[in-house]
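Notes follow once the structure below has been shown.
What you see below is based on every heavy atom in this structure, not just the backbone, and it leaves out hydrogens, waters and symmetry mates.
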Amino acid sequence: MSDTRRLFFALPIPPKTQRALVKWRADQFSAEAGRPIAAANLHITLAFLGDISEQKSQALQNMAARIKQPAFSLDLDDAGHWPGAGVVWLGTRRAPRGLLQLAELLRSQAARSGCYQSPLPFHPHVTLLRGATKAVSLPPSGFHWPIDFEYFALYSSEFRRGRTRYEQIAAWPLIT
Ligand code: 3AM
């Protein structure tokens, strides 16, 4: 049996913003609202690859290394709740074109390599809480978390000792 890893491409949230978001989240949501995602795990998923072999991972990394996309900024100024998935998220009212193009490219390369891609439209978001299946009161609009993204990365996701751990495997710069 060959070894596989659960992998996904994502934009990591810079550490300073991770820390600020975690503090803000504690003020905005009660403990019953859902399970907070660890600061270091905050990210925007670009393409989920599933459990894939080392060979397929290498092929996708080679393709990622050839991507030439401009860097972009976005403002996390939107929040929402998907009760079915139990997710409370932050998003943006105006997704930058560079982000949408990058996600589209990675998702189509993943699909061509046989990684199932959800038919749901791509909705860039940072998952803040999981297990949020009951009604949640969302933060009033008016918040802004501006972020400059200068690279994207490949992560592995592993569930160990009751915790989900993400590990960055490789990263590639966006053009500045
Ligand atoms: O960015 P978020 O937290 O929404 O939900 C999982 C997480 O996304 C998503 O991949 C990210 C890293 O774990 N994910 C997990 N299983 C998935 C699947 N089968 C999935 N996305 C699509 N299909």
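- Scanning both residues, Gln28 and Pro140, for their nearest heavy atoms gives OE1-CD, 4.1 Å.
- Annotation: the span from Leu60 atom CG to Leu154 atom CG amounts to 8.0 Å, rounded to 0.5 Å.
- Annotation: ring-ring contact (aromatic ring centres under 6.0 Å, His included) contacts of Phe143 (sequence neighbours excluded): Trp24.
- Residue-environment remark: CZ (Arg163) stays at or below the threshold of 12 foreign heavy atoms within 6.0 Å.
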Decide ring pair (Phe, Tyr, Trp, His ring centres under 6.0 Å) for Tyr166 and Phe8; before the verdict, give the C-alpha distance in whole Å, the side-chain angles of both, and the deciding distance to 0.1 Å.
CA-CA 10 Å; Tyr166 296 149; Phe8 62 98; 5.0 Å; yes
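- The shortest heavy-atom contact between Leu100 and Ala95 is CD2-CB, 3.9 Å.
- The shortest distance between side-chain heavy atoms of Leu99 and Leu46 falls below 4.5 Å.
- Considering every non-hydrogen atom in both Phe72 and Pro96, the closest pair reads CD1-CG, 3.9 Å.
- Between the OG1 atom of Thr164 and the CD1 atom of Ile37 there is a distance of 7.5 Å, given to the nearest 0.5 Å.
- Between atom CD of residue Gln117 and atom OG of residue Ser108 there is a gap of 9.0 Å, rounded to the nearest 0.5 Å.
- With sequence neighbours left out, Glu54 forms a salt bridge (Lys or Arg N to Asp or Glu O under 4.0 Å) with Arg5.
- The two residues Ala79 and Leu90 come nearest to each other via the heavy atoms CB-CD2, 3.9 Å.
- Val88 is connected to Val22 through a chain of hydrophobic side-chain contacts under 4.5 Å among Ile, Leu, Val, Met, Phe, Trp and Tyr, so both are in one cluster.
- Between the side chains of Ser73 and Asp148, at least one donor N or O sits under 3.5 Å from an acceptor N or O.
- A distance of 8.0 Å separates CD of Glu167 from CD of Glu158, quoted to the nearest 0.5 Å.
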One pair to check against side chain to side chain contact (heavy atoms under 4.5 Å, CB included): Gln69 and Ile175. What are the steps and the verdict?
CA-CA 6 Å; Gln69 280 285 326; Ile175 301 165; 6.0 Å; no
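- The aromatic rings of Phe9 and Phe152 lie tilted to each other, with the angle between the two planes from 30° to 60°.
- Judged purely by distance below 3.5 Å, without hydrogens or angles, the side chains of Gln61 and Ser57 pair a donor atom with an acceptor atom.
- Heavy-atom minimum distance, Ile52 versus Leu49: CG2-O, 3.4 Å.
- Contact annotation: the side chain of Tyr151 never approaches that of Leu11 to less than 4.5 Å [non-hydrogen atoms, C-beta and beyond].
- The shortest side-chain heavy-atom distance between Leu76 and His144 does not fall under the 4.5 Å cut-off.
- Both Ile44 and Trp172 belong to a common hydrophobic cluster when Ile, Leu, Val, Met, Phe, Trp and Tyr are linked at side-chain heavy-atom distances under 4.5 angstrom.
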So Asp77 and Arg94, salt bridge (Lys or Arg N to Asp or Glu O under 4.0 Å) or not? Walk me through it.
CA-CA 9 Å; Asp77 59 359; Arg94 295 163 308 278; 3.4 Å; yes
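- Between the His81 side chain and the Trp89 main chain, no donor and acceptor come within less than 3.5 Å of each other.
- Note: Arg112 CZ to Arg107 CZ = 13.5 Å, rounded to the nearest 0.5 Å.
- Hydrophobic clustering (side-chain heavy atoms under 4.5 Å, transitive across Ile, Leu, Val, Met, Phe, Trp, Tyr) keeps Val87 apart from Leu42.
- Ser113 and Met63 make their closest contact through OG-CE, 3.5 Å (heavy atoms, listed as atom of the first residue, atom of the second, distance).
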Between Thr133 and Trp82, does a side chain to side chain contact (heavy atoms under 4.5 Å, CB included) hold up when you go through it step by step?
CA-CA 8 Å; Thr133 48; Trp82 294 326; over 6 Å; no
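- Heavy atoms of other residues, nucleotides or ligands lying less than 6.0 angstrom from CD of Gln58 number more than 12.
- Follow the hydrophobic side-chain contacts under 4.5 Å out from Ile169 and you reach Leu174 in the same cluster.
- Screening Gln168, Arg165, His43 against Tyr155 for a side-chain hydrogen bond (donor to acceptor under 3.5 Å, both in side chains) leaves a single residue, Gln168.
- Annotation: side chain of Ser156 is not in contact with side chain of Arg6 (no heavy-atom distance under 4.5 Å).
- The shortest distance between side-chain heavy atoms of Phe29 and Pro139 falls below 4.5 Å.
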Compile the donor-acceptor pairs under 3.5 Å between side chains in residues 123-131 and protein atoms, sequence neighbours left out, one pair per line.
{"from": "His125", "atom 1": "ND1", "to": "His123", "atom 2": "O", "distance (Å)": "2.7"}

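- Thr17 OG1 to Trp145 CH2: the interatomic distance, rounded to the nearest 0.5 Å, is 8.0 Å.
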